[in-house]
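As the structure lists them, so they are numbered: ligands from 1, and atoms in each ligand from 1. One is the number of the first residue; the rest follow in order along the sequence. Please read these numbers as outputs of a predicted model, since none were measured by experiment.
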Amino acid sequence: MTTFRELLRSSDGPAVGTFVKIPAIEVAEIVGNAGFDFVVIDTEHALLSVRDVYSLLVVYSRMGVAPLVRITDHGYGDAQRYLDAGAAGILVPHVSNGVQAGAAMRQFLFPPAGTRGMGYASRAGLWGTLPGGPAEYVRAGQEDVVRIAMIEERESVDDIEAILAAPGVDGVFIGPGDLSLSMGEPMGSPAVHDAVTACIEAAVTAGVPVGTLVQGEDQIRLRAEQGCRFLLVGNDTGMLTAAARQTRSTARVALAPPPAPATVDEKG
Ligand code: 3PY
Ligand code: MG
């Protein structure tokens, strides 16, 4: 299977993924079958248990869809388990500055670069049978896993160069929703749009893979042209909502009473 890191390096267009919030294997198979390159299992904004995340990691990776996990905060606890369960990468939300970025990423690197612990007897180590043994488990954890800092605060935009240069940062993801809140601007305002563009440009200049959340063809094209290496479009709950509403609306339209015949006056 192509790793997420290989997708970021590929000369094809950006990798396209979606957020996953529903802990159902049926939904995972439906979303996986749609052909996304990767998914981000979202523990920051969805009530997913560690066990839910584990099931989703297994299903998506078995389908050849690289599964990343957005963790709830900068803490080590659950992230260690997600990595040992085979997550292709970790997204750390609300990274405000370079110092925070370095401190968060150290937890997801093995010594001497960081403090991640040895868990060779885990799924990531193929339950202790990985060809190449513990050394390969450590190599894959160090080199294949992608550690992504989320840029979604005014302060992170101001400190973008330091975040991009922080040890262990393999990519940055710009969150326009929280960025607009932090900037006190409505979503999609020109100021937010320009801040996202400035971060993308800084990342491209620094040679750090960058991604953002996009909506609609024009935005997808624009952010790809600007150099984004990965794009997130929507999420599973949004897709289900849209399909449910469309299905209900089709029936409503079909069952609507026919328009009343025009009155004599209206006929003139
Ligand atoms: C944001 O826009 O705030 C995000 O976290 C991206 O989904
Ligand atoms: Mg956010």
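- In this structure, CG in Leu232 is found 12.0 Å from CD1 in Ile174, a value given to the nearest 0.5 Å.
- Counting heavy-atom neighbours within 6.0 Å of Arg139 CZ, excluding the residue itself, gives a total above 12.
- Counting only protein atoms, the N, O or S atoms lying less than 2.8 Å from the Mg ion (ligand 2) are Glu152 OE1, Asp178 OD2, ordered by chain and residue number.
- Per-residue contacts place Gly175 under 4.0 angstrom from the following atoms of ligand 1 (heavy atoms of the residue considered): 1 (C), 2 (O), 3 (O), 4 (C), 6 (C).
- Contacts with ligand 1 closer than 4.0 Å are made by side-chain heavy atoms of Leu213 only, the backbone lying farther away.
- Using a 4.5 Å cut-off between side-chain heavy atoms of Ile, Leu, Val, Met, Phe, Trp and Tyr, with links allowed through other members, Val50 and Phe19 fall into different hydrophobic clusters.
- Salt-bridge annotation for Asp144 and Arg5: absent, with no side-chain N of the basic residue lying under 4.0 Å from a carboxylate O of the acidic one.
- Each of Phe36, Tyr60, Phe230 was evaluated against Phe4; a single residue qualifies, Phe230, per the ring-ring contact (aromatic ring centres under 6.0 Å, His included) test.
- In summary, Asp236 and Lys21 do not engage in a salt bridge, as defined by a charged side-chain N under 4.0 Å from a carboxylate O.
- Protein heavy atom at the shortest distance from atom 5 (O) of ligand 1 is Arg70 NH1, 2.7 Å.
- Ligand 1 is approached by Met150 to a heavy-atom distance shorter than 4.0 Å.
- Between Tyr137 and Tyr120, the two ring planes are perpendicular [angle over 60°; tilted spans 30° to 60°].
- The shortest N or O to N or O distance between Pro176 and ligand 1 is under 3.5 Å.
- At least one N or O atom of Glu152 sits closer than 3.5 Å to an N or O atom of ligand 1.
- The shortest heavy-atom contact between Val192 and Pro176 is CG1-O, 4.0 Å.
- For Arg221 and Glu217, the salt-bridge test passes: some basic side-chain N is under 4.0 Å from an acidic carboxylate O.
- The number of heavy-atom neighbours closer than 6.0 Å to CD of Gln215, taken from other residues, nucleotides and ligands shown, is 12 or below.
- Neither the backbone nor the side chain of Met187 has any atom closer than 4.0 Å to an atom of ligand 1 (non-hydrogen atoms only).
- Residue contacts with ligand 1: Phe19 is placed with no nitrogen or oxygen under 3.5 Å of a nitrogen or oxygen of the ligand (distance criterion only).
- Between Asp84 and Arg116 there is a salt bridge, since at least one side-chain N of the basic residue sits less than 4.0 Å from a carboxylate O of the acidic one.
- Which parts of ligand 1 touch Gly177 is read off a 4.0 Å heavy-atom cut-off, strictly below it: atoms 1 (C), 2 (O), 3 (O).
- Residue contact check: Phe173 has heavy atoms under 4.0 Å from atoms 6 (C) of ligand 1.
- The closest approach between any non-hydrogen atom of His45 and ligand 1 is not below 4.0 Å.
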